[in-house]
Protein chains: 2
Amino acid sequence: MSTPAALTWSTTNCPVGRAMDILGESGTVIVLREIFNGVRRFDLMQRHSGLSRAVLSHRLALLVEHGIVHRVAYRDPGERERHEYRLTTRGFDLQPVMVALADWGGKHLSGPEGPAVEVEHRDCGARTHVALVCEEGHVIDRLRDVRTRPGPGAMPT
Amino acid sequence: MSTPAALTWSTTNCPVGRAMDILGESGTVIVLREIFNGVRRFDLMQRHSGLSRAVLSHRLALLVEHGIVHRVAYRDPGERERHEYRLTTRGFDLQPVMVALADWGGKHLSGPEGPAVEVEHRDCGARTHVALVCEEGHVIDRLRDVRTRPGPGAMPT
DNA sequence: CAGTATCCCAAGCGATACTG
DNA sequence: CAGTATCGCTTGGGATACTG
């Protein structure tokens with residue numbers, strides 16, 4: 001290998017870097033896990049995630065600020081108004097990231113008893129994983145069959 | 001919704017949590033991006049990633065410790081012995097996570113000019129993304145068609 | 001219940017200097 | 001070139017207390 005492909009363009013604009021600027025903050029992904037699992041209220045989320053109230057508060061604010069989660073007001077009959085946190089479209093689009101993380105953690109970081117959580121296809125009940133699919137419709141199982149290239153927003157190094 | 005499904009099992013064992021215990025450390029994913037892009041030597045990685053030498057050193061040690069990356073000695077003709085960092089199988093299995101992050105970042109965090117990097121299918125050159133596929137072979141495009149359930153390693157709350 | 005503010009402390013970062 | 005050690009300093013976390 002001569003010059004690695006990565007060096008021919010700048011990384012200041014890298015989508016992975018931008019994603020991690022948000023998701024890399026400690027606890028953010030844990031909050032997302034809770035919301036994806038249907039936990040939408042502050043207190044429940046706090047107890048279940050194990051995060052402190054302060055951190056949870058900050059992470060939720062961060063997620064709202066980035067348009068990943070939004071607060072929704074609702075009122076149960078006879079109760080006062082409350083709020084819950086729901087995914088926006090942008091947040092819901094993180095599902096493949098969450099499933100990819102669960103796949104990897106389940107395969108490589110679980111004890112012999114297997115992972116504590118699985119993902120299933122609602123229709124048929126089969127376990128579900130992420131896969132690579134190209135726009136020509138090929139399902140790619142040999143990961144080495146993909147590579148990165150500069151995109152339209154690439155800047156020279 | 002009554003009790004969210006998540007509350008019926010403990011999260012101490014959650015594969016997403018375990019994965020983020022490693023990947024959530026600031027800079028880890030950036031190092032992985034470099035290695036996936038073919039940057040394998042310390043100095044090049046340091047300049048290209050923008051991480052400090054100390055942080056890069058620590059992250060590489062962390063990745064080696066977790067069996068995601070390994071050091072490989074080599075010697076170019078006429079040069080002294082050097083080392084480079086390569087993905088192990090466990091590390092290579094993170095590719096779907098990286099592509100999922102790139103997908104999301106490219107779609108939601110790029111400027112109007114588009115993402116700086118894309119992933120292509122080596123055979124046909126088409127852009128490549130992650131998708132959800134169940135073990136029955138169904139490609140799932142409506143993300144709501146999947147849900148989480150307790151796995152074999154689940155512990156009661 | 002659903003958060004926010006304050007205070008204090010420890011982890012962790014960048015800069016620098018050093019070794020094989 | 002390829003790292004590791006040391007050192008102030010800042011960031012950011014937990015505990016606690018407070019507000020709507």
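Naming convention: chains lettered A, B, ... in sequence-line order (proteins, then strands); numbering from 1 in each chain. This one's a predicted model, so the numbers in the text were calculated from it and none came from an experiment.
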Rounded to the Å, how far apart are Glu84(A) CD and dC1(C) P?
16 Å
Can you check the Leu62(A) CG to dG12(D) P distance for me, whole Å?
11 Å
Asp43(A) CG - dT4(C) P separation (whole Å)
13 Å
Between C1' of dG12(D) and CD of Glu25(B), the distance in whole Å
13 Å
Less than 4.0 Å between a side-chain N and a carboxylate O, is that true for Glu84(A) and Arg71(A)?
no
Hey, are the side chains of Thr148(A) and Glu118(B) touching, using non-hydrogen atoms and a 4.5 Å cut-off?
no
For the pair made of CG in Leu60(B) and C1' in dG3(D), what is the distance, rounded to whole Å?
10 Å
Identify, between His83(B) and His58(A), the residue whose nearest nucleotide on DNA chain D lies closer to the 5' end.
His83(B)
Counting side-chain heavy atoms from CB outward, which of dG3(D), dC13(C), dG3(C) is closest to Val55(B)?
dC13(C)
Would you indicate, yes or no, if dA15(C) has its OP1 or OP2 atom less than 4.0 angstrom from a side-chain nitrogen or oxygen of Arg53(B)?
no
Calculate the interatomic distance between Leu51(B) atom CG and dG3(D) atom P; express it in whole Å.
14 Å
Any Tyr74(A) side-chain nitrogen or oxygen under 4.0 Å from OP1 or OP2 of dC1(C):
no
When the distance from CZ of Arg75(A) to P of dA2(C) is rounded to whole Å, what number comes out?
14 Å
Whole Å only: how far is the CD atom of Gln46(B) from the P atom of dT4(D)?
13 Å
Does any nucleotide pair with dC18(C) by Watson-Crick or G-U wobble geometry, both distances under 3.5 Å, and what is it?
dG3(D)
Taking dG3(D), dA2(C), dA15(D) as options, the one with an atom nearest any side-chain atom of Arg41(A) is dA2(C)
Can you figure out which of dA5(C), dG14(C), dA2(D) approaches the side chain of Ser52(B) most closely?
dG14(C)
Is a side-chain donor or acceptor of Trp104(B) paired with a backbone partner of Arg90(A) at a separation under 3.5 angstrom?
yes
Would you say a side-chain N or O of Arg59(A) is under 4.0 Å from OP1 or OP2 of dG12(D)?
no
Of all the heavy-atom pairs spanning Leu62(A) and Ile22(A), show the shortest one and how long it is.
CD2-O, 4.0 Å
Above 12 or not: heavy atoms from other molecules or residues under 6.0 Å from NE2 of His58(B)?
no
Applying a 3.5 Å limit to both distances, which nucleotide forms a Watson-Crick or G-U wobble pair with dT10(D)?
dA11(C)
Is Arg82(A) close enough to dG3(C) that one of its side-chain N or O atoms is under 4.0 Å from OP1 or OP2 there?
no
